[in-house]
There are 2 protein chains.
Amino acid sequence: MPAKKRGTTSSSKSADFSQVDVARLAGVSQAAVSRAFTPGGSLSDDTRAKVMAAVKQLGYRPNVIARSLVQNSTNIIGLVVKRFTNPFYAQMIQEFTRVLQEQGYWTLVFNIAEKQEIEEALPMALQYRVDGLIITSATLSSKLADECARSGTPVVSFNRYATDGHSHMVYCDNFEGGRMVADALIDAGHTRIAYIAGEESSSTNRDRETGFVRRLEERGHALALRESAGEYDYEMGYAAAERLLLSGTPRPDAIFCANDLIAMGALDLARCKLGIKIPAELSIIGFDDIPAAGWPSYELTTVRQPFGILVDTTIQVLMDAIHDPESEVIKKVVTPTLIWRGSSRRKE
Amino acid sequence: MPAKKRGTTSSSKSADFSQVDVARLAGVSQAAVSRAFTPGGSLSDDTRAKVMAAVKQLGYRPNVIARSLVQNSTNIIGLVVKRFTNPFYAQMIQEFTRVLQEQGYWTLVFNIAEKQEIEEALPMALQYRVDGLIITSATLSSKLADECARSGTPVVSFNRYATDGHSHMVYCDNFEGGRMVADALIDAGHTRIAYIAGEESSSTNRDRETGFVRRLEERGHALALRESAGEYDYEMGYAAAERLLLSGTPRPDAIFCANDLIAMGALDLARCKLGIKIPAELSIIGFDDIPAAGWPSYELTTVRQPFGILVDTTIQVLMDAIHDPESEVIKKVVTPTLIWRGSSRRKE
DNA sequence: ATGAAAGCGCTAACAT
DNA sequence: ATGTTAGCGCTTTCAT
């Protein structure tokens with residue numbers, strides 16, 4: 001089946017040359033060719049020149065797959081993602097691929113739509129012998145985590161907990177972010193405070209909400225209303241806000257949304273459909289600080305996740321784990337920042 | 001360097017088992033194990049059972065890298081991307097990875113920031129022996145295209161021309177899209193019509209602009225003003241609109257922007273900073289139809305690229321090319337649709 | 001500095 | 001149906 005053409009006879013198509021071909025043409029051993037491509041391979045200038053001439057003449061290109069087989073290392077990192085269209089995650093992936101490339105790694109993307117799909121995707125990643133895994137928007141079952149550990153593949157969970165005992169973790173302090181928002185809203189004098197949740201099962205949602213609600217309570221406030229978008233997207237945020245604001249109960253004077261997309265949906269519903277004045281009649285605060293949050297049409301107050309730091313840290317942790325497979329589980333927490341903009345009232 | 005543990009002795013960490021290990025445990029030949037993992041491999045139920053028992057006991061997982069080496073096929077598609085953060089492209093990548101996975105392929109992402117970087121990224125893709133390449137947001141030099149052809153790696157250029165004689169092409173009819181906008185604006189009675197360009201060197205920009213301007217001229221109109229954002233993003237669009245609308249010359253009454261992000265930047269500048277009424281005083285039309293274009297805060301009239309069709313077609317073309325490497329260059333053109341929304345006046 | 005040879009884990013052709 | 005054998009293209013000893 002492989003339509004492979006070998007040998008020295010000049011044939012025009014689909015010809016992949018190997019080091020044997022190069023060696024033959026250069027009049028050296030195949031090992032010499034290999035050394036010419038090995039950093040630190042000891043080779044005389046003369047032979048190296050001969051090799052390179054032959055390489056150029058044939059248009060030879062090393063076969064990374066073969067190298068990966070013998071070195072038991074692919075220089076590929078598996079990136080498991082979901083919710084791709086959320087700008088926050090899109091930007092993440094962009095950064096991950098970019099920074100990884102700078103470090104000489106390539107990114108194999110595993111796109112999981114349903115929760116269960118990670119059970120298929122992850123074994124594939126292991127079969128491809130990736131050197132490491134970054135998991136965003138999914139949680140490894142402990143069985144999967146064990147398999148990764150057994151095969152010596154380090155895993156970094158990005159922006160979520162992992163209690164499997166093997167995965168490293170890098171995440172934003174979502175709990176603290178929730179607290180910040182509670183303080184901001186209380187300080188601004190709000191009294192009927194609501195929360196719109198994102199994906200209920202996600203640890204990001206749980207932490208943001210818990211931090212938020214606990215802090216409200218600490219300061220003698222209760223959560224007045226709660227609604228759930230179910231997903232982290234605009235449309236679901238819009239719909240959730242609709243349920244929240246048209247529920248018949250007295251309208252809240254502030255809403256904390258689990259992320260920016262939800263907040264923008266809520267904001268649009270409130271001002272475009274219901275004609276509510278933002279922030280005079282209603283404050284809205286999001287989470288992430290995606291680019292659109294800063295656009296003049298939204299001016300969304302939000303909790304910024306410092307994603308450059310998150311990405312760099314994640315990759316650093318992964319690289320450390322790759323080079324020291326025996327290391328203990330590493331956990332890095334990054335602190336978010338509240339970004340004040342026009343969608344919320346300020347302290348009087 | 002590879003810390004590999006072999007053999008039958010039960011050792012706990014980093015143990016990757018091979019078919020030899022499985023065979024030994026199952027009391028069959030190594031080839032039998034291979035056959036157990038080969039779709040049409042002939043094997044008795046008895047041996048298959050023995051193999052599977054051993055597989056399970058050891059936690060054996062096939063090594064795809066080794067298979068790729070012998071089969072000369074990786075089941076990996078290289079995806080070359082740029083401008084990741086543009087929602088249109090983010091959505092594309094999401095779709096590409098999803099659909100490719102459905103077909104049993106995995107996506108290796110090559111993120112190129114600078115134009116020149118494709119000269120490094122593409123050879124790497126070839127070294128990884130990808131089964132095919134999808135190029136978005138970049139143009140292959142004919143030298144690179146030749147190398148792909150020589151190595152038998154099919155290439156599909158996504159949303160851009162390729163005149164290299166090898167690359168297949170799937171793109172939206174940007175020229176026609178430009179014409180549609182010209183008609184829409186003229187029909188609505190606009191007389192001072194402007195254009196804000198995206199990345200000047202991109203074929204998408206060139207085609208949209210050419211189609212637009214030609215059609216204006218056909219109908220006896222001239223382009224009143226032209227400004228360039230230089231990039232396809234919001235900030236550059238905002239800045240370009242600022243130059244355009246504050247240039248001192250009489251203000252245009254309509255602007256066609258090379259894509260939605262630029263249009264949203266222009267729209268925000270016009271109404272938030274300059275207080276211009278949209279669309280009463282100024283019509284704005286974009287291109288792409290990203291999700292945000294439909295949000296109530298923007299209601300952006302735009303030319304929709306049917307991206308589901310674009311992606312499906314691209315992958316279909318690529319699959320065909322993979323299975324018939326000798327095929328002629330394929331070119332598929334997809335027609336866009338004008339989506340009317342509130343940011344532009346309608347025919348009176 | 002260089003070549004010869006072993007072997008990475010697998011598939012596939014060739015026996016039987 | 002199953003085992004034997006020969007590679008795939010490469011790195012890496014081990015000699016020299």
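Each chain gets a letter, A, B and so on, in the order the sequences are listed, and its residues count up from 1.
Atoms CZ (A:Arg67) and C1' (D:dT12) sit 13 Å apart, rounded to a whole Å. The distance from atom CZ of B:Phe17 to atom P of C:dG9 is 12 Å, rounded to the nearest whole Å. Atom CG of B:Asn72 and atom C1' of C:dA12 are 14 Å apart (whole Å). At whole-Å resolution of the value, CD in A:Gln127 and P in C:dC8 are 20 Å apart. Put simply, CG on B:Leu69 is 8 Å from C1' on C:dC10, counting in whole angstrom units. Straight-line distance from the CD atom of B:Gln71 to the P atom of D:dA6: 21 Å, rounded to whole Å. B:Asp21 places its CG atom 10 Å from the P atom of C:dC8, with the value rounded to the nearest Å. Regarding A:Ile65, its CD1 atom lies at a distance of 12 Å from the C1' atom of D:dC8, rounded to whole Å.
Five base pairs at each end of the helix from C:dA1-D:dT16 to C:dT16-D:dA1 define two local axes, and these are offset by 40° (rounded to 10°).
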Nucleotide N/O of nucleotides 2-5 of chain D paired with protein N/O under 3.5 Å:
unit_1, atom_1, unit_2, atom_2, d
D:dT2, OP1, B:Ser44, OG, 2.8
D:dT2, OP1, B:Thr47, OG1, 3.1
D:dT2, OP2, B:Ser44, N, 2.5
D:dT2, OP2, B:Ser44, OG, 2.8
D:dT2, OP2, B:Thr47, OG1, 2.3
D:dG3, OP2, B:Ser29, N, 2.9
D:dG3, OP2, B:Ser29, OG, 2.9
D:dG3, N7, B:Arg35, NH2, 2.5
D:dG3, O6, B:Arg35, NH1, 3.4
D:dG3, O6, B:Arg35, NH2, 3.4

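In the set C:dG9, D:dC10, C:dT11, the nucleotide with an atom closest to the side chain of B:Gln19 is C:dT11. Each of D:dC10, D:dC8, C:dT11 was ranked by its minimum atom distance to the side chain of B:Ser34; first place goes to C:dT11.
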Let me check something: any side-chain donor-acceptor pairs from residues 156-167 of chain B under 3.5 Å, sequence neighbours excluded? List them with distances.
unit_1, atom_1, unit_2, atom_2, d
B:Asn159, OD1, B:Cys172, N, 2.9
B:Asn159, ND2, B:Gln305, OE1, 2.9
B:Tyr161, OH, B:Asp207, OD2, 3.3
B:Asp164, OD1, B:His166, N, 2.6
B:Asp164, OD1, B:Ser167, N, 2.7
B:Asp164, OD1, B:Ser167, OG, 3.2
B:Asp164, OD2, B:Ser167, OG, 2.8
B:His166, NE2, B:Asp146, OD1, 3.0

Side-chain donor-acceptor contacts of residues 132-141 of chain A below 3.5 Å, not counting sequence neighbours, with atom names and distances?
unit_1, atom_1, unit_2, atom_2, d
A:Thr136, OG1, A:Val80, O, 3.0
A:Ser141, OG, A:Leu144, N, 3.1

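Defined by atom type and a distance below 3.5 Å, a donor-acceptor pair is present between the side-chain atoms of B:Gln316 and B:Asp320.
Qualifying ring-ring contact (aromatic ring centres under 6.0 Å, His included) partners for A:Tyr60, counting only residues two or more places apart in sequence or in other chains: A:Phe37. For A:Glu328, there are no salt bridge (Lys or Arg N to Asp or Glu O under 4.0 Å) partners, not counting sequence neighbours.
A distance of 13.0 Å separates CH2 of A:Trp106 from CD1 of B:Ile76, quoted to the nearest 0.5 Å.
Residue pairs satisfying the side chain to side chain donor-acceptor pair (under 3.5 Å) criterion with at least one member in residues 122-131 of chain A, sequence neighbours excluded, are listed as follows: A:Ser73-A:Asp131, A:Thr74-A:Asp131, A:Arg129-B:Asp16. Sorted by first and then second residue, the pairs that involve residues 54-75 of chain B and meet salt bridge (charged side-chain N to carboxylate O under 4.0 Å, His left out), not counting sequence neighbours, are A:Glu147-B:Arg61. Note on residues 34-52 of chain B: no pairs pass salt bridge (charged side-chain N to carboxylate O under 4.0 Å, His left out), not counting sequence neighbours.
An OP1 or OP2 oxygen of D:dG9 is reached within less than 4.0 angstrom by no side-chain nitrogen or oxygen of B:Tyr128.
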